[in-house]
Protein chains: 2
Amino acid sequence: MTETALSGFCCADHSGASSVEAILSQAEALAKARGLRLTPVRRRTLEILLDAHGALGAYDVLERLAADGFGAQPPVAYRALNFLVDHGLAHRIRRLNAFTACAHPQHDHRAAFLICETCASVTEAAADEIGPALQKAADAAGFTLDRATIEAVGQCSACQEARA
Amino acid sequence: MTETALSGFCCADHSGASSVEAILSQAEALAKARGLRLTPVRRRTLEILLDAHGALGAYDVLERLAADGFGAQPPVAYRALNFLVDHGLAHRIRRLNAFTACAHPQHDHRAAFLICETCASVTEAAADEIGPALQKAADAAGFTLDRATIEAVGQCSACQEARA
DNA sequence: GTTAACTTGTTACTGTATAACATGCAAGGT
DNA sequence: ACCTTGCATGTTATACAGTAACAAGTTAAC
Ligand SMILES: [Zn+2]
Ligand SMILES: [Zn+2]
Ligand SMILES: [Zn+2]
Ligand SMILES: [Zn+2]
């Protein structure tokens, strides 16, 4: 199994060429600005994540990359995914052992993820208010905060309505 | 919260019989109150987590269990660990693929974890302020929040001082 | 004491991620 | 242009994490 993303189920359509293209070109601009090399595998990997509804496991990504003529071994996918994550173009969802494209790569943001238990969709939410609260908790423990993973589990709005 | 917090490794000794024993007997009382069966493997698993500095992987736990004469196969460890997690006696640290004893099992708490990059210690912090902030973010997305994983990465106070 | 539910143990397997090494490519110095 | 140096991609092989399915033993309820 392991097809983590469910097509056409979760949400409002975010697969329109416009938004994928828009994010892709943002990513390209960003890479250029930072002197990063958005090579074919990496770019294609980002595209794959953008096309997917929800998050994709590394092996799902690998399958698609291999189908496109790239390498078929796990490191190929993991390297591309880690590159994207390291540079803020994608996020790793630890609860799902999966990855998702960043919805707004231009910001240096601290994101929280809302994971629907019903449809497995993953929504990236701004964590602006969460940061300070976490900071405060860290301070209380004398802990110097670097970065954080925030993953919430529940029901997305579409699935709630469907259930009603 | 009068807990003798189980804060990790580089810190003051927390392996003294007193705090381990204290938490263990809290766990026992709690199990009794809730009609749970804290069987030998489960109890020993909790002990192992309490004795450990930092979080332990399932296979580390398994090794110790096997050494104590319990089963030597993965399900033995996973079942005991999942039991403890399900009943709030331990927590799963997803970033580390590891488990840690709950520092204050008596509360129905939403915890955040502070993971030190230097010494790998894991400190359980109260997440009282984080909950509402996350709730707000979820509301904005029409998402019904169930539970959340909050894991921060940085430097614990001991390691900072050591580095200075 | 029989039944039903749960707990422990097993074997076997699936899924996730990395190590180590070879080859290829691209930028920078001479 | 040529060489060097570092980075990217690809490979094989292996390590690490987690679960399914079944058998046998326990515990609690009736
Ligand atoms: Zn993002
Ligand atoms: Zn949903
Ligand atoms: Zn806890
Ligand atoms: Zn530390």
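Order of the sequence lines fixes the chain letters, A, B, ..., with proteins taken first and strands second; residue numbering starts at 1 for each chain. Keep in mind that the numbers below use all heavy atoms, side chains included, and drop hydrogens, waters and symmetry copies.
Between F99(B) atom CZ and dC16(D) atom C1' there is a gap of 13 Å when expressed in whole angstrom units. Rounded to an integer number of Å, the gap from H87(B) NE2 to dC6(C) P is 11 Å. Atoms CZ (R95(A)) and C1' (dA17(D)) sit 16 Å apart, rounded to a whole Å. Atom pair Y59(B):OH and dA17(C):C1' shows a separation of 14 Å (rounding to whole Å applied). Whole-Å rounding puts the I93(B) CD1 to dG18(D) P distance at 12 Å. Straight-line distance from the CG atom of L38(A) to the C1' atom of dA8(D): 13 Å, rounded to whole Å. Taking atom CG of residue L96(B) and atom P of nucleotide dA17(C), one finds them 14 Å apart after rounding to whole Å. One interatomic measurement links the two molecules: CG of N97(B) to P of dG15(C), which rounds to 17 Å at whole-angstrom precision.
Classification of R43(B) and E47(B) as a salt-bridged pair holds, one side-chain N sitting under 4.0 Å from a carboxylate O.
Among the protein residues, F70(B) comes within range of the sugar-phosphate backbone only, with heavy atoms under 4.0 Å from sugar or phosphate atoms but none that close to a base. Here R94(A) lies out of heavy-atom contact (under 4.0 Å) with every strand.
Each of P74(B) and G69(B) lies near DNA chain C, and the nucleotide nearest G69(B) is the one positioned closer to the 5' end.
A donor-acceptor pair shorter than 3.5 Å cannot be found between the side chains of T149(A) and R94(B).
Comparing dG10(D), dA17(D), dT8(C) by their nearest atom to the side chain of V41(B) picks out dT8(C). Side-chain proximity of V76(A) to the nucleotides dA8(D), dG18(D), dG10(D) is greatest for dG10(D). Among the nucleotides dG18(D), dT11(D), dT7(C), the one closest to the side chain of R42(B) is dT7(C).
Against DNA chain D, the stretch residues 78-85 of chain B makes heavy-atom approaches under 4.0 Å through Y78(B).
Using a 4.0 Å cut-off, no side-chain N or O of R37(A) falls inside it from OP1 or OP2 of dC7(D). Under 4.0 angstrom from either OP1 or OP2 of dT10(C) there lies at least one side-chain N or O belonging to Q73(B).
Here the options are T123(B), L114(B), V153(B), the test is side-chain contact (heavy atoms from CB on, under 4.5 Å), and the partner is F143(A); only L114(B) passes.
For the residue pair L62(A) and G71(A), the shortest heavy atom distance occurs at CD1-O, 3.7 Å. Nearest heavy-atom pair across L38(B) and A31(B) is CB-CB, 4.1 Å. Between V85(A) and R92(A), the shortest heavy-atom contact is CG2-N, 4.1 Å.
The CG atom of L49(B) sits 11.0 Å away from atom SG of C102(B), with the distance rounded to the nearest 0.5 Å.
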